[in-house]
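Computed from heavy atoms alone, side chains included, the values below leave out hydrogens, waters and symmetry copies.
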Amino acid sequence: MGPPLDVWDFSSPLLLLWMNRFYIYLGCALGITLWICVQVVIKKQVIRSQEKSVPGAPDSSLPLQKKQTHVSGVKIFYGSQTGTAKGFAVTLAKAVTSLDLPVAIINLKEYDPDDNLIGEITSKNVCAFLVATYTDGRPTESAEWFCKWLEEAANDFRFGKTYLKGLRYAVFGLGDSAYQSHFNKVSTNVDKWLWMLGAQRVLTRGEGDRNAVQSKHGSIEADFTAWKTKFISRLQALQSGEKKACSGDCKKGKCETTQPGAGEVRPHLQGGLRPGGAEEEEPCESSSEEESGAQGYQSLNSLVDVEDLGNIMNPMQKEKRERAQQEEKAGVKRNPETSVDSEGRAMITPALREALTKQGYQLIGSHSGVKLCRWTKSMLRGRGGCYKHTFYGIDSHRCMEATPSLACANKCVFCWRHHTNPVGTEWRWKMDQPELILKEAIENHQNMIKQFKGVPGLKAERFEEGMEVKHCALSLVGEPIMYPEINRLLKLLHQHGISSFLVTNAQFPEEIRNLTPVTQLYVSVDASTKDSLKKIDRPLFKDFWQRFLDSLKALAAKQQRTVYRLTLVKCWNVEELQAYAELVSLGNPDFIEVKGVTYCGESAASNLTMANVPWHEEVVRFVQELVDLLPDYEIACEHEHSNCLLIGHKKFKISGEWWTWIDYSRFQELVLQYEESGGSKTFSASDYMARTPQWALFGARERGFDPKDTRYQRKNKAKDVSGC
């Protein structure tokens, strides 16, 4: 045993150190650690001060960052008649080069916006448009196609308000204020249309005035120099990473920070009278709203402020007074109580005329219209035809799309017009004669073809052929069969050697029974049950289902070619296969076209979305399942680009070969014999059929695309703008 505790002396210093040794060790460790940290910090400071003393040495305290490119280059587009705009483009290019930016000068005559404009978004280019206004406010010949395409795209729901989102642009116009009504009209429209498609304006539109007296800077050259200076300044700001086009809250393309107060008038709206001491405009001031007002009063279905009602009503009242004065001069006295009943009112109201004209329609008389189909444009350029070319052998570049009636008896959820056209269950409007409709339809169609001259890729031989209409699709909009003189119109078409493709919505069975022979008669079968038809077509007739069934029965009695047209709306009408099969047995059509619905954009009148658009593979699967229920039918043709397939009756499959195409010359001979015999010499669909080429058949490698043409895939295609 050790010594007792009372023997130890705890007052000894050595013993105390030994007993607290662990605390001593911990303190030493902390001190050494602190000393090391201080030495490291001092060493870093010394190294940093040495690096700063060396010129051009990088700061090691800052992370290395990759330099971001905000502007990759500038593209200068010009449309010139006398060469002035081209000269300005060269001058602007020299100024841009001083910023070490790549620059390209492009003649709008050689530029295809359909192919390339959307590609300017991802390229981070800034686009400058120098465009002149020519005779009567029209664009120069070199810019005509570009302006035509841009206008149609801006008013086409398939493109939408974000089609050019991300494109940065600026516009300078060349004009002469001596022609006040058309002063810089082209640049105004180009600026507006680009903005409507979602492009971002980086600088206010410049206006060059050849009229030296009224020119803001004394000459058109000085006007351009002033605008060029601001443009270069904006480029420098964009290069530095500035994202905002201007300061202030911009709405609808117009800067609130630069809006004039009540009672003020913008200088450029004073008929070209601009005081020399006028202040410089803000960089991003927009006149899109002013421009739309200058083009005409707003449509009645748009939202307007109370303060703007006077601006809208005044033109309407003026138009009404002018119309009354014209009638008074002509000796026409109108009785307010009987005038509408005696003659009938016009179907096309001023608001409707304004809306349809902006969408590219050429209106005829008081209730008809014609429009150039996108497939007509495509085939003129050798880029393929529509599904009717694949299925039936029409020449798409010689096809005229028209309607003798803008009115309809349905309000379909997939309506291309979003129900802006009139509706009714009977004809109650003023009626134009079929001779007038056909004459003006052909003239308007030919004028639209002429405007296509000079478009990049245009086939000269097809352009010449396109001037002679060979086919007419009475399917543009509305219900053509409502037109009381539809039979006379059909006869006139045939007398002019024009084949007829008539589409009806299956609500007028009596009119179908009374129809004269048609090259091909369509009935839209948008649903197979009463409930789904009411949901999709939203017909006006209370007895719509019985009318629908009677229309199919009337179709079965027709001897010429008949077609069911099925539009598939995903989650709405694709599950009713057996019901569709029963409807086929009721009408016994020669062919069944099955097409996926085309999304027509947002509409308050429809809740249809892109989710309702079926993929092509889904359409193929639906058709295969439907054919399994139809023993007398097989899949005949396919047009993948239109998301469409054709089911044919087996009577058109002779010796293993399909004969879905049409012998149009033979049809004209047969219909002439029918007319000359007073209807006694009839003929059937089998009398004017033609063999279908191999490339048009279902399962072919071409998938319905004519190998004579060159298929074009849209670059940087942000959204689907197809349709038929």
Exceeds 12 heavy-atom contacts within 6.0 angstrom, atom [atom1] of [X]:
X: E141; atom1: CD; result: no
X: K470; atom1: NZ; result: yes
X: R462; atom1: CZ; result: yes
X: E468; atom1: CD; result: no
X: F705; atom1: CZ; result: yes
X: K109; atom1: NZ; result: no

Distance, nearest 0.5 Å, that separates [atom1] of [X] from [atom2] of [Y]:
X: L174; Y: D209; atom1: CG; atom2: CG; result: 10.0 Å
X: F452; Y: L372; atom1: CZ; atom2: CG; result: 7.5 Å
X: E207; Y: Q214; atom1: CD; atom2: CD; result: 12.5 Å
X: K453; Y: M467; atom1: NZ; atom2: CE; result: 9.5 Å
X: R398; Y: H389; atom1: CZ; atom2: NE2; result: 13.0 Å
X: T403; Y: I437; atom1: OG1; atom2: CD1; result: 9.0 Å

Self-check item: Option passing ring pair (Phe, Tyr, Trp, His ring centres under 6.0 Å) with F129 (candidates F88, F146, Y78)
Solution: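 By the ring pair (Phe, Tyr, Trp, His ring centres under 6.0 Å) criterion, F129 pairs with just one of F88, F146, Y78: F146.
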Practice problem: Give every residue pair that meets the salt bridge (charged side-chain N to carboxylate O under 4.0 Å, His left out) criterion with at least one member in residues 162-177, sequence neighbours excluded. | Solution: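 Listed once each, the pairs would be none.
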Quiz item: Which residue pairs pass the salt bridge (charged side-chain N to carboxylate O under 4.0 Å, His left out) test with at least one member in residues 70-82, sequence neighbours excluded?
Solution: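 Counting only pairs at least two positions apart or across chains, the salt bridge (charged side-chain N to carboxylate O under 4.0 Å, His left out) contacts touching residues 70-82 are K75-E120.
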Exercise. Sequence neighbours left out, what passes side chain to side chain contact (heavy atoms under 4.5 Å, CB included) with A441? Give chain and number order.
Key: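 So A441 forms a side chain to side chain contact (heavy atoms under 4.5 Å, CB included) with I364, M400.
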Quiz item: Mind checking what makes ring pair (Phe, Tyr, Trp, His ring centres under 6.0 Å) contact with H397, not counting sequence neighbours?
Solution: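 H397: no ring pair (Phe, Tyr, Trp, His ring centres under 6.0 Å) contacts found.
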Exercise. Go through the structure and list residues passing ring pair (Phe, Tyr, Trp, His ring centres under 6.0 Å) with Y111, not counting sequence neighbours.
Key: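 Applying ring pair (Phe, Tyr, Trp, His ring centres under 6.0 Å) to Y111 gives F77.
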Main-chain N/O of [Y] paired to [X] side chain as donor or acceptor, under 3.5 Å:
X: S219; Y: A222; result: yes
X: D706; Y: K708; result: yes
X: W375; Y: G384; result: no
X: T376; Y: S396; result: yes
X: T133; Y: V186; result: yes
X: S187; Y: N184; result: yes

Taking side chain as C-beta onward, heavy atoms only, is [X] less than 4.5 Å from [Y]?
X: E440; Y: L436; answer: yes
X: F463; Y: I449; answer: yes
X: H70; Y: Q239; answer: no
X: S142; Y: N107; answer: yes

On a heavy-atom basis, which atom in [X] and which in [Y] lie closest, and how many Å separate them?
X: D223; Y: S215; value: OD2-OG, 2.7 Å
X: V190; Y: L150; value: O-CD2, 3.9 Å
X: D709; Y: G382; value: CB-O, 3.3 Å
X: A143; Y: L108; value: CB-CD1, 3.8 Å
X: M196; Y: A154; value: CE-O, 3.6 Å

For [Y], is there an ion pair with [X] - N to carboxylate O distance below 4.0 angstrom?
X: E152; Y: K377; value: yes
X: E144; Y: K148; value: no
X: R205; Y: D191; value: yes

Self-check item: Within residues 86-106 or reaching into it, pairs that qualify as side chain to side chain donor-acceptor pair (under 3.5 Å) - sequence neighbours excluded
Solution: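 For residues 86-106, and leaving out neighbouring residues, there are no side chain to side chain donor-acceptor pair (under 3.5 Å) pairs at all.
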With distance as the sole criterion, is a donor-acceptor pair present between the side chains of [X] and [Y] under 3.5 Å?
X: Y179; Y: N211; value: no
X: R210; Y: T84; value: yes
X: D136; Y: H182; value: no

Quiz item: Where does the angle between the aromatic ring planes of Y163 and W149 fall among parallel (under 30°), tilted (30 to 60°) and perpendicular (over 60°)?
Solution: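 Rings of Y163 and W149: tilted, 30 to 60°.
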Exercise. Kindly assign one of parallel, tilted or perpendicular to the pair H639 and H641, based on the angle between their ring planes and the thresholds 30° and 60°.
Key: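 Rings of H639 and H641: perpendicular, as their planes differ by over 60°.
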